[in-house]
Amino acid sequence: MASIDNLHGDAHVERYLETDGDEGFHWNGTQILILFTKGRKSGAERKHALIFRPWGEDAFMVVASKGGTDAPPAWFLNLEENPDVEVQVKDQRIPVRARVATDDEKPAMWAKMTEVWPDYDEYQKKTDRQIPVVVLERASSLN
């Protein structure tokens, strides 16, 4: 069986969901959540394993880097279309609303994310696109 650190994409998502995060939450020295979006064209549920960090008491943050390509990841485009989504952290599935970090928030958030994945700085150097930090706020905290 492959090490969980070598899993990517769908294989990572499936192992995570099958084990409620026992396998896949810890990955290459980071922590992973599963983001559930609705395809903006297909309407089908999409699942993505993403590096995250908690932010405050009621939010999580992820980076829409796509390895520094000029195009944003599809999941980010899906969030723009429908920001009310869910995440799974270990065995807990949580309704959240996505938004892009403000210019004032982003520097501190970016610093927190690069603590666990320094490659984000390299990804930003590869593109003219400003790579966004996405804040996923618990829906219950928005009421």
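In this text the structure is predicted, and so the values were computed from the model without any measurement.
Under 4.0 Å is where a charged nitrogen must lie from a carboxylate oxygen, and between Glu14 and Lys47 at least one such pair does. Using a cutoff of 4.0 Å between basic side-chain nitrogens and carboxylate oxygens, Arg97 and Asp84 are scored as salt-bridged. We find that Arg138 and Glu57 are not joined by a salt bridge, their nearest charged nitrogen and carboxylate oxygen being 4.0 Å or further apart.
Interatomic distance, Asp121 CG to Thr114 OG1, rounded to the nearest 0.5 Å: 5.0 Å. Remark: Thr19 OG1 to Asp91 CG distance equals 10.0 Å, nearest 0.5 Å. Between atom OG1 of residue Thr37 and atom CD of residue Glu86 there is a gap of 11.0 Å, rounded to the nearest 0.5 Å.
When atom types are taken as modelled, the side chain of Arg99 and the backbone of Glu137 share no donor-acceptor pair closer than 3.5 angstrom. Here the side chain of Tyr16 pairs a donor or acceptor atom with the backbone of Ile32 at under 3.5 angstrom. The main-chain N or O of Glu105 is found under 3.5 Å from a side-chain atom of Thr102 such that the two form a donor-acceptor pair. At distances below 3.5 Å, not a single donor-acceptor pair connects side-chain atoms of Glu23 with backbone N or O atoms of Phe25. Side chain of Tyr120 to backbone of Met113: no donor-acceptor contact under 3.5 angstrom is found. Looking only at distances, a side-chain donor or acceptor of Asn78 sits under 3.5 Å from a matching main-chain atom of Arg40. At distances below 3.5 Å, at least one donor-acceptor pair connects side-chain atoms of Trp27 with backbone N or O atoms of Leu7.
In this structure, Arg93 forms a cation-pi arrangement with Phe36, its terminal cationic atom sitting closer than 6.0 Å to the ring centre and no more than 45° off the ring axis.
Contact of the Val63 side chain with the Ile51 side chain is not registered, since no non-hydrogen atoms from C-beta on lie closer than 4.5 Å. Using a 4.5 Å heavy-atom cutoff, the side chains of Val85 and Leu35 are in contact. The shortest side-chain heavy-atom distance between Gln124 and Lys126 does not fall under the 4.5 Å cut-off. When side chains are defined from C-beta on, Pro72 counts as touching Arg129, because their heavy atoms get closer than 4.5 Å. With contacts defined as side-chain heavy-atom distances shorter than 4.5 Å, the pair Leu79/Val134 qualifies. Side-chain contact between Gln88 and Ile94: absent, with no pair of heavy atoms (C-beta onward) separated by less than 4.5 Å. Side chains of Lys38 and Arg46 form no contact here, defined as non-hydrogen atoms less than 4.5 Å apart.
Leu77 and Tyr123 fall into different hydrophobic clusters, where Ile, Leu, Val, Met, Phe, Trp and Tyr side chains are chained together by heavy-atom contacts under 4.5 Å.
When all heavy atoms of Met109 and Ala101 are compared, the closest pair comes out as SD-CB, 3.5 Å. Contact detail for Asp128 and Asp70: the closest heavy-atom pair is N-OD1, 4.0 Å. Across Ser65 and Ile131, no two heavy atoms sit closer than the pair CA-CG2, 3.6 Å. When all heavy atoms are compared, the tightest approach of Pro73 to Ala64 is CD-O, 3.6 Å.
A perpendicular orientation is assigned to the rings of Phe52 and Phe60, their planes being inclined by more than 60° (bins at 30° and 60°).
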From CA spacing to verdict: salt bridge (charged side-chain N to carboxylate O under 4.0 Å, His left out), Arg53, Glu115: CA-CA 10 Å; Arg53 302 274 324 252; Glu115 284 175 4; 3.1 Å; yes
Start with the C-alpha gap between His48 and Ile34, add the side-chain angles, then the distance that decides, and say whether side-chain contact (heavy atoms from CB on, under 4.5 Å) holds. CA-CA 5 Å; His48 314 274; Ile34 306 299; over 6 Å; no
Given Asn28 and Trp117, is the side-chain hydrogen bond (donor to acceptor under 3.5 Å, both in side chains) satisfied, shown in steps? CA-CA 9 Å; Asn28 286 311; Trp117 200 255; over 6 Å; no
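Within 6.0 Å of CG on Asp10 lie no more than 12 heavy atoms contributed by other residues, nucleotides or ligands.
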